[in-house]
Asker: 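My questions all concern the structure below.
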Amino acid sequence: MTAEDRSTAPGFALYVHWPFCKSKCPYCDFNSHVREQVEHDRWRRALVAELDHFADLTPGRTLTSIFFGGGTPSLMQPATVAAVIDRAAERWGLAPGIEITLEANPTSVESGLFAGFRGAGVNRVSLGVQALDEPSLRFLGRNHSADEALAAVGLAARHFDRFSFDLIYARPGQTVAGWTAELRRALDHAVGHISAYQLTIEQGTRFHTLYSRGELVLPDEDTQAALYEATAEVLDTAGLPGYEISNHARPGEESRHNLTYWRYGDYVGIGPGAHGRLTLNDGKWGTRTHRAPEVWLERVEAAGHAEHGREAVPPEARRDEMLMMGLRLAEGVAKSRIADEMGRPFAEAIDRRNLDRLIGHGFLVEDEARLTATPAGRQRLDAVLAALLG
């Protein structure tokens with residue numbers, strides 16, 4: 001394995017889904033639910049039990065990252081987080097310097113738990129700030145103010161060497177000048193990583209209902225493109241280059257867990273509705289668990305897991321998934337890995353005419369080792385993938 005291969009090795013990751021939130025954000029289509037009460041002891045035991053189920057399938061592996069997502073994982077008890085981390089260490093072993101991330105909402109009550117999460121083993125937090133002005137926060141259904149968000153960022157910096165925060169752009173009425181000013185304010189507080197996501201309208205959300213009625217109007221395509229380009233310009237200039245379509249980091253501060261997904265590595269998913277991808281002796285398999293929290297809990301207590309039937313991922317699907325994920329990255333995809341997943345040479349795995357056409361239009365570049373989307377290609381990746389794989 002070359003030095004470059006080692007530096008881009010995907011690793012082996014664990015995703016832990018905590019499905020509960022204090023309220024449902026109007027843009028969110030994640031598997032999240034509002035509950036007045038949660039039986040934390042039952043949930044702690046069930047998460048550990050489902051971890052054991054998947055650990056039995058993947059003996060001898062070493063975890064390179066753990067990610068507590070949701071939902072709102074900062075509503076978990078630190079004891080639950082500690083129990084999952086401790087069992088993961090027992091069953092798989094943790095790589096030196098493992099990244100253990102927990103998503104958090106920047107309200108004062110949840111931020112006060114940072115010391116507990118740090119003591120449990122978390123060494124990185126991802127803060128759902130989303131916006132830095134009050135009207136936008138109200139529009140996005142957030143329960144914190146901009147001052148509370150920035151106070152939480154400061155608290156995170158005191159407890160964790162590494163942290164990130166999320167922002168959402170392309171909000172109704174947003175201008176390039178306003179977004180640029182917001183990004184520069186964020187950079188006064190960012191240390192190593194910012195995720196900047198374009199607002200999208202997802203089926204089943206409150207925003208989708210409003211959008212369908214014409215009551216929510218997004219910026220036009222030209223403005224959206226200008227906002228995307230302004231994001232890259234401001235953050236790149238500040239020393240946080242875009243290593244992925246929506247993620248910017250100082251070198252070495254990239255999310256190692258998310259890189260496992262984008263580099264098409266193996267990962268275990270536990271908790272309600274969690275997905276996984278596992279290379280087992282007889283091929284690549286997709287895993288998923290039951291979505292409804294109460295049903296998930298009952299099934300784990302009865303059987304030790306709530307996994308649905310495992311699905312084989314055939315070679316063509318593996319190629320497509322690898323390209324869909326890997327071309328999001330500035331580093332692109334190793335052609336040798338596509339060949340390995342397909343079981344045949346890269347030249348036989350991709351339609352050469354489609355590829356040459358996209359290269360000719362400036363959306364993809366190819367060298368001896370890698371296939372990479374250009375900045376223009378990443379900005380239009382859905383269309384590029386359709387043209388490449390169609």
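These numbers come from the heavy atoms of this one structure, side chains and all, not from hydrogens, waters or symmetry mates. Predicted, not measured: the structure shown is a model, and the values here were computed from it.
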Asker: Does F139 have any ring-ring contact (aromatic ring centres under 6.0 Å, His included) partners at least two apart in sequence or in another chain, and if so, which?
Answerer: F207
Asker: Return yes when atom CE of M324 has more than 12 non-hydrogen atoms of other residues, nucleotides or ligands closer than 6.0 Å, and no otherwise.
Answerer: no
Asker: With sequence neighbours excluded, give me every ring-ring contact (aromatic ring centres under 6.0 Å, His included) pair touching residues 371-390.
Answerer: none
Asker: Does any N or O in the side chain of R380 come within less than 3.5 Å of the main-chain N or O of A376, such that one atom is a donor and the other an acceptor?
Answerer: yes
Asker: Among L327, T372, T374, which residue satisfies the side-chain contact (heavy atoms from CB on, under 4.5 Å) criterion with L364?
Answerer: L327
Asker: With distance as the sole test, does D266 use its side chain to make a donor-acceptor pair with the main-chain N or O of T279 at under 3.5 Å?
Answerer: yes
Asker: Can you list everything that forms a side chain to side chain contact (heavy atoms under 4.5 Å, CB included) with R162? Sequence neighbours excluded, please.
Answerer: E99, R124, E253, R256
Asker: Atom CZ of R319 and atom CD1 of I350: how far apart are they, to the nearest 0.5 Å?
Answerer: 5.5 Å
Asker: Take a 6.0 Å sphere around CZ of R352 and say whether it holds more than 12 heavy atoms from other residues, nucleotides or ligands.
Answerer: yes
Asker: Any link between W262 and I66 through a network of hydrophobic side chains (Ile, Leu, Val, Met, Phe, Trp, Tyr) touching at under 4.5 Å?
Answerer: no
Asker: Would K24 pass as a cation-pi partner of F30, given that its NZ or CZ must be under 6.0 Å from the six-membered ring centre and within 45 degrees of the axis?
Answerer: no
Asker: Test of understanding: with ring-ring contact (aromatic ring centres under 6.0 Å, His included), list the residues that count as partners of F363, not counting sequence neighbours.
Answerer: none
Asker: Nearest 0.5 Å, please: how far is OG in S246 from CG in L167?
Answerer: 11.5 Å
Asker: Tell me which pairs pass side chain to side chain donor-acceptor pair (under 3.5 Å) where either residue lies in residues 269-278, with sequence neighbours left out.
Answerer: R277-E321
Asker: Kindly write out the residues that satisfy side chain to side chain donor-acceptor pair (under 3.5 Å) with D52, not counting sequence neighbours, or none if the list is empty.
Answerer: R87, R91
Asker: Please test L278 against F12 for side-chain contact (heavy atoms from CB on, under 4.5 Å), starting from the C-alpha separation and ending with a verdict.
Answerer: CA-CA 9 Å; L278 296 175; F12 176 57; 4.2 Å; yes
Asker: When you group the ILVMFWY residues by side-chain heavy-atom contacts below 4.5 Å and let the links chain together, are L51 and L297 in the same group?
Answerer: yes
Asker: Tell me, please, which residues at least two apart from E341 pass side chain to side chain donor-acceptor pair (under 3.5 Å).
Answerer: R318
Asker: Under 4.5 Å between side-chain heavy atoms, counting indirect links through other Ile/Leu/Val/Met/Phe/Trp/Tyr residues: same cluster for F67 and I85 or not?
Answerer: no
Asker: Dump the intermediate steps for salt bridge (charged side-chain N to carboxylate O under 4.0 Å, His left out) on E50 and R299, then the final yes or no.
Answerer: CA-CA 10 Å; E50 192 162 73; R299 291 188 178 182; over 6 Å; no
Asker: Please walk me through it: do Y169 and Y228 pass side-chain contact (heavy atoms from CB on, under 4.5 Å)?
Answerer: CA-CA 8 Å; Y169 69 94; Y228 176 88; 3.3 Å; yes
Asker: Tell me if a side-chain donor or acceptor on E254 pairs with a main-chain N or O of L259 at a distance below 3.5 Å.
Answerer: no
Asker: Give a yes or no on whether a salt bridge exists between R171 and E182, defined as a side-chain N under 4.0 angstrom from a carboxylate O.
Answerer: yes
Asker: Would you find more than 12 non-hydrogen atoms of other residues, nucleotides or ligands less than 6.0 Å from E221 atom CD?
Answerer: no
Asker: State whether the side chain of N123 and the backbone N or O of I100 hold a donor-acceptor pair below 3.5 Å, judged by distance alone.
Answerer: yes
Asker: Taking only residues two or more places apart in sequence, or in another chain, which ones meet H308 in a ring-ring contact (aromatic ring centres under 6.0 Å, His included)?
Answerer: H290
Asker: Mind running side chain to side chain donor-acceptor pair (under 3.5 Å) on N105 and R142 for me, showing each step along the way?
Answerer: CA-CA 9 Å; N105 272 349; R142 307 302 286 165; 2.7 Å; yes
Asker: What do the steps show when you test L355 against F346 for side-chain contact (heavy atoms from CB on, under 4.5 Å), and what is the final call?
Answerer: CA-CA 12 Å; L355 178 57; F346 175 81; 4.3 Å; yes
Asker: Is there a chain of hydrophobic side chains (I, L, V, M, F, W, Y, each step under 4.5 Å between heavy atoms) that links F165 to V191?
Answerer: yes
Asker: Say whether, by atom type as modelled, one donor and one acceptor occur between the side chain of E311 and the main chain of G286 under 3.5 angstrom.
Answerer: no
Asker: State plainly whether the residues R288 and E307 are in salt-bridge range, i.e. N to O under 4.0 Å.
Answerer: no
Asker: Would you please name every residue forming a side chain to side chain donor-acceptor pair (under 3.5 Å) with D147, sequence neighbours left out?
Answerer: none
Asker: So does E39 have more than 12 non-hydrogen atoms from other groups sitting under 6.0 Å from CD?
Answerer: no
Asker: Can you confirm whether H159 sits close enough to V125 that some side-chain heavy atom of one is under 4.5 Å from a side-chain heavy atom of the other?
Answerer: no
Asker: Hey, is D41 close enough to R44 for a salt bridge, meaning N to O under 4.0 Å?
Answerer: yes
Asker: When you measure from the side chain of T289 to the backbone of A274, do you find a donor-acceptor pair of N or O atoms at a distance under 3.5 Å?
Answerer: yes
Asker: Does V122 form a side-chain contact (heavy atoms from CB on, under 4.5 Å) with F160? I'd like the steps, not just the answer.
Answerer: CA-CA 8 Å; V122 173; F160 302 96; 3.8 Å; yes
Asker: Do the charged groups of D188 and R184 touch, with an N to O distance under 4.0 Å?
Answerer: no
Asker: H193 side chain to S164 main-chain N or O, any donor-acceptor pair under 3.5 Å?
Answerer: no
Asker: Applying side chain to side chain donor-acceptor pair (under 3.5 Å) to T231 and W179, what does each step give before you reach the verdict?
Answerer: CA-CA 8 Å; T231 304; W179 175 233; 2.8 Å; yes
Asker: May I have the step-by-step check of side chain to side chain donor-acceptor pair (under 3.5 Å) for N143 and T107, ending in yes or no?
Answerer: CA-CA 7 Å; N143 293 320; T107 60; over 6 Å; no
Asker: When clusters are formed by joining ILVMFWY residues with side-chain heavy atoms under 4.5 Å apart, either directly or through shared neighbours, do L227 and L187 land in the same one?
Answerer: yes
Asker: What residues, two or more places apart in sequence or in another chain, satisfy ring-ring contact (aromatic ring centres under 6.0 Å, His included) together with W43?
Answerer: W18, F20, W296
Asker: Is D367 salt-bridged to K335, cutoff N-O under 4.0 Å?
Answerer: no
Asker: Would you check if the side chain of S32 reaches a backbone N or O of C21 as a donor-acceptor pair within less than 3.5 Å?
Answerer: no
Asker: Quick one: side chain to side chain donor-acceptor pair (under 3.5 Å) pairs with a partner in residues 204-213, sequence neighbours left out?
Answerer: none
Asker: Looking at R370 and G332, would you say the former's side chain and the latter's main chain have a donor-acceptor pair under 3.5 Å?
Answerer: yes
Asker: Tell me if the CD atom of Q203 is crowded by more than 12 foreign heavy atoms within 6.0 Å.
Answerer: no
Asker: Under the salt bridge (Lys or Arg N to Asp or Glu O under 4.0 Å) definition, can you give me all pairs with a residue in residues 227-244, not counting sequence neighbours?
Answerer: E244-R328
Asker: May I ask you to decide if the ring planes of H257 and Y261 are parallel, tilted or perpendicular, using 30° and 60° as cut-offs?
Answerer: perpendicular
Asker: Ignoring hydrogens, what is the shortest heavy-atom contact between V176 and A226? Give both atom names and the distance.
Answerer: CG2-CB, 3.7 Å
